[in-house]
Amino acid sequence: MEEELKGLEKERKELYRKLSAIGDFRRGMISVNFRKCGKKNCVCNQEGHPGHGPQYLWNATIKCKSYAKSIPLGPELEKRKQETDNHREFTKLCEEIVRVNERICDLRPIPEVNGEKELTALKKKLQKQFMRKSSTR
């Protein structure tokens, strides 16, 4: 069990190292859109024509609000794409860190309580903490 715990701690340390190496990131995704303009004589109205474009659009929902920005083809698009890719890597690593930490928590031993007096004091302390939290809601 001790060896497994050390291995998990080493794995967690490696995940933290990878997390620090991610760099800049932002939420969202980049979509490629083709749009029809609606003019009767335009080529985009012909059957089988995909429409005007491609147009590149960055979309994100942050705190229940949608954001969108048109991105020109070139270095700005490449930068946004790298940032959104980095965010996906960030969230993946965070999930992995949580999974490893939960396994570490399961393996760590529960601290021992010496005597009935210490156990009673601990119970009172915990009861007060949880009563305070429930009364503030």
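We use all heavy atoms of the structure for the numbers below, so side chains are in, but hydrogens, waters and symmetry mates are not.
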Which pair of non-hydrogen atoms, one from [X] and one from [Y], has the smallest distance, and what is that distance?
| X | Y | answer |
| --- | --- | --- |
| N45 | K39 | ND2-O, 2.7 Å |
| W58 | A60 | CZ2-CB, 3.5 Å |
| V100 | R12 | CG1-CB, 3.9 Å |
| F90 | L19 | CD1-CD1, 3.4 Å |
| H52 | C37 | NE2-SG, 3.6 Å |

Crowding at NZ, K123 (>12 non-hydrogen neighbours, <6.0 Å):
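Atom NZ in K123 is not packed in, count stays at 12 or less.
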
Are [X] and [Y] ion-paired here, with the side-chain N under 4.0 Å from a carboxylate O?
| X | Y | answer |
| --- | --- | --- |
| R103 | D106 | no |
| E95 | K92 | no |
| R108 | E9 | yes |
| E76 | K81 | no |

Name the one of Q82, R88, E83 that satisfies side chain to side chain donor-acceptor pair (under 3.5 Å) with N86?
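Checked Q82, R88, E83 against N86; only one passes side chain to side chain donor-acceptor pair (under 3.5 Å): Q82.
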
Assess the residue pair R80 and I71 against the criterion (side chain to side chain contact (heavy atoms under 4.5 Å, CB included)); give the C-alpha distance rounded to whole Å, side-chain angles, the decisive distance to 0.1 Å, and a yes or no.
CA-CA 8 Å; R80 289 271 176 151; I71 310 290; 3.9 Å; yes

To the nearest 0.5 angstrom, please state how far the [atom1] atom of [X] sits from the [atom2] atom of [Y].
| X | Y | atom1 | atom2 | result |
| --- | --- | --- | --- | --- |
| K13 | L8 | NZ | CG | 14.5 Å |
| R99 | E96 | CZ | CD | 4.0 Å |
| I97 | K18 | CD1 | NZ | 10.0 Å |
| T61 | R27 | OG1 | CZ | 9.5 Å |
| L73 | E78 | CG | CD | 10.0 Å |
| K6 | K10 | NZ | NZ | 11.5 Å |

K36 side chain vs C42 backbone, donor-acceptor pair below 3.5 Å
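No: the side chain of K36 does not pair with the backbone of C42.
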
Are side-chain heavy atoms of [X] and [Y] found at a separation under 4.5 Å?
| X | Y | value |
| --- | --- | --- |
| E102 | V98 | yes |
| E89 | D85 | no |
| R26 | H87 | no |

My understanding is that only residues two or more places apart in sequence, or in another chain, count here; which of them pass side-chain contact (heavy atoms from CB on, under 4.5 Å) with F34?
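Result, side-chain contact (heavy atoms from CB on, under 4.5 Å) vs F34: V32, P50, P54.
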
Hydrophobic cluster identity match, I22 and M29, side-chain contacts under 4.5 Å
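I22 and M29: separate clusters.
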
Indicate whether any N or O donor in one side chain lies under 3.5 Å from an N or O acceptor in the other, for N59 and S31.
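Per modelled atom types, N59 and S31 side chains form a pair under 3.5 Å.
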
Show your reasoning for whether side chain to side chain contact (heavy atoms under 4.5 Å, CB included) applies to E14 and Y16.
CA-CA 5 Å; E14 177 63 22; Y16 285 150; over 6 Å; no

Apply side chain to side chain contact (heavy atoms under 4.5 Å, CB included) to the pair I30 and L57, showing each step before the final yes or no.
CA-CA 5 Å; I30 296 174; L57 193 65; over 6 Å; no

